[in-house]
Protein chains: 2
Amino acid sequence: MAGVRVVVVDDDPLVRAGLRMILGGAPDLDVVGEAVDGQDAMDVVARELPDVVLMDIRMPRMDGLAATRRLKERGSTARIIVLTTFDTDEMVLTALQLGAAGFLLKDTAPADLVVAVRRVALGEPMLSPSVTTQLIAAVTRPSDDGRRRKARTLLARLTEREREVADAVSAGMTNTEIARSLHLGVATVKTHVGSVFTKLEVTNRVQVARYVHDAADDR
Amino acid sequence: MAGVRVVVVDDDPLVRAGLRMILGGAPDLDVVGEAVDGQDAMDVVARELPDVVLMDIRMPRMDGLAATRRLKERGSTARIIVLTTFDTDEMVLTALQLGAAGFLLKDTAPADLVVAVRRVALGEPMLSPSVTTQLIAAVTRPSDDGRRRKARTLLARLTEREREVADAVSAGMTNTEIARSLHLGVATVKTHVGSVFTKLEVTNRVQVARYVHDAADDR
DNA sequence: CCCCGGCTCCACCGGATGGTGGAGGCGGAA
DNA sequence: TTCCGCCTCCACCATCCGGTGGAGCCGGGG
């Protein structure tokens with residue numbers, strides 16, 4: 001059976017030659033095409049229908065990220081591995097959001113590159129260690145973590161009713177609206193709002209909204 | 001020179017034996033201790049000061065995540081690889097936020113496990129492919145992209161001053177406080193707040209806070 | 001049994017808020 | 001220059017909010 005069909009996209013002939021050599025050394029990988037920039041890649045990918053595209057970012061005419069977006073928009077099923085020298089935080093996130101299956105630095109060892117192509121062809125992701133580190137840092141955001149924990153503990157002190165009222169308050173409702181929506185008297189709502197203020201140690205409803213939203217997600 | 005010092009933490013004797021065998025097969029890795037649960041791990045790690053800890057999650061007395069938190073709190077420099085059968089989204093994020101350097105599924109090939117320990121010992125992260133996929137999904141979530149975009153476009157209509165006031169409002173300040181903080185008259189603040197309401201098409205300040213926070217990201 | 005906490009309401013009050021309709025200054029575009 | 005948008009303020013007023021000090025009801029626990 002046929003091997004993994006790979007297209008290499010890079011404006012540097014030396015890089016293309018190098019990649020072709022590395023990947024060609026693996027019997028199960030076939031480099032079926034090359035492109036010199038993103039524009040060119042559109043045609044080559046459309047013609048060759050590869051399983052995997054190795055895509056440089058810095059290229060004339062159309063860069064690798066734009067090319068990735070275009071390919072995805074055109075419904076190409078090719079899995080794309082972004083290959084670059086630098087891994088700025090923004091590039092990594094952009095590439096992954098565009099649907100790149102891999103993000104490798106150009107200092108990746110040849111053997112690892114081959115492994116990456118195989119894995120990506122199987123639908124698995126493949127990131128360079130430093131890229132993984134960045135990704136972890138992105139989800140780890142310790143900043144809101146402390147705030148969130150505090151918000152959660154404070155909100156935990158609220159009774160069921162108070163939490164409902166607090167939610168309504170943070171939805172931007174007035175006391176009258178809350179009363180209608182919870183089938184309560186306005187006086188009751190005011191009481192609950194008051195105890196929410198006390199328990200959260202705040203003095204107005206905007207601050208309640210802050211706590212509720214902090215605890216929610218923020219992810 | 002000595003190899004990488006590894007401690008294995010798992011309540012299942014068979015798993016411990018298996019890991020010991022796998023890691024023992026690598027000449028540069030030394031399994032210097034075992035623990036049967038999180039509690040036990042505290043002592044063993046304190047005594048052996050390993051470079052890497054292979055940590056199961058489901059364990060009696062103290063689970064692997066709690067143990068990871070404790071070790072980090074105690075200032076242990078050991079890099080921790082979480083080993084588990086299931087990779088729920090929550091576990092992955094929790095483990096990484098606690099500072100785990102790796103997250104591997106128990107179906108990881110022995111050779112990959114050895115590679116993982118070496119890489120983690122060098123300070124690089126190591127995640128199983130499915131874990132990486134989850135991580136990517138976590139940062140990619142366009143979540144409330146629509147809402148955020150709407151919030152941004154609406155906020156973009158605000159003038160500089162109005163935006164400052166809107167920010168202050170969403171910080172939970174009263175008009176008087178805002179006036180002081182921006183060196184304005186209270187009347188001016190009220191005017192700005194009013195036009196913010198009009199432009200954002202809302203009727204109270206909590207809703208302003210919602211827009212501002214939606215646009216910010218919370219990512 | 002009584003007490004306590006939660007839920008439901010009430011009245012009263014001062015201050016904050018939101019809506020309306022102004023006014024004057026200032027800088028840039030027409 | 002004239003116009004227009006932005007920023008700065010003003011007054012008036014109805015409403016809403018937030019704080020205080022109640023009250024009655026209910027269910028669980030000491």
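Only this structure's heavy atoms are used, side chains among them; waters, hydrogens and symmetry mates stay out. Residue numbering restarts at 1 for every chain, and letters A, B, ... go by the order of the sequence lines. What you see is a predicted model; the values in this text were computed from it and never measured.
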Worksheet, complete the sentence: Checking C/dC12, C/dC9, C/dC7 against the side chain of A/Leu184 (C-beta onward), the nearest is C/dC9
Discussion item. On a heavy-atom basis, which atom in A/Ile81 and which in A/Phe103 lie closest, and how many Å separate them?
Written reply: CG2-N, 4.5 Å
Fill in: Toward the 5' end of DNA chain D, by each residue's nearest nucleotide, B/His183 or B/Asn204
B/His183
Practice prompt. With a 4.0 angstrom cut-off to heavy atoms of chain A, pull out the first and last contacting nucleotide of DNA chain D, in 5'-to-3' order.
Written response: D/dC17 to D/dG19
Practice prompt. Mind checking the CD-CG spacing from B/Glu48 to B/Asp43? Nearest 0.5 Å is all I need.
Written response: 11.5 Å
Item to complete: Say whether A/Glu124 and B/Thr133, considering side chains only, have a donor N or O and an acceptor N or O under 3.5 Å apart.
Response: no
Worksheet item: Rounded to the Å, how far apart are A/Glu162 CD and C/dG6 P?
Response: 7 Å
Discussion item. Quick check against the 3.5 Å criterion: does B/Thr188 have a side-chain atom that pairs as donor or acceptor with the backbone of B/Leu184?
Written reply: no
Worksheet item: NA contact type, A/Thr188, heavy-atom cut-off 4.0 Å: base, sugar-phosphate, or nothing?
Response: base
Discussion item. Rounded to whole Å, please give me the gap between NZ in A/Lys190 and P in C/dC12.
Written reply: 12 Å
Worksheet entry | A/Glu177 side-chain N/O to A/Thr174 backbone N/O, donor-acceptor pair under 3.5 Å | yes
Worksheet item: Under 4.0 Å between a side-chain N/O of A/Thr159 and OP1 or OP2 of C/dG5, yes or no?
Response: no
Fill in: Under-4.0 Å side-chain N/O to phosphate OP1/OP2 contact, B/Arg205 with C/dT17
yes
Discussion item. Using whole Å, what does the distance between atom P of nucleotide C/dC9 and atom NE2 of A/His192 come to?
Written reply: 8 Å
Worksheet item: Which of these nucleotides, C/dC9, C/dG6, C/dG18, is closest to any side-chain atom of A/Ala187?
Response: C/dC9
Worksheet item: On DNA chain D, nearest-nucleotide positions of A/Asn175 versus B/Gly185: which is more 5'?
Response: B/Gly185
Worksheet item: Between B/Phe197 (CZ) and C/dA16 (C1'), how many Å, whole number?
Response: 12 Å
Practice prompt. Using salt bridge (Lys or Arg N to Asp or Glu O under 4.0 Å) as the criterion, point out the one residue from B/Arg16, B/Arg20, B/Arg58, B/Lys106 that pairs with B/Asp10.
Written response: B/Lys106
Worksheet item: If you look at every strand shown and take non-hydrogen atoms under 4.0 Å, does B/Thr203 touch a base, only sugar-phosphate, or nothing?
Response: sugar-phosphate
Discussion item. Between B/Asn175 and B/Arg180, is there a side-chain donor-acceptor contact under 3.5 Å, judged purely by atom types and distance?
Written reply: no
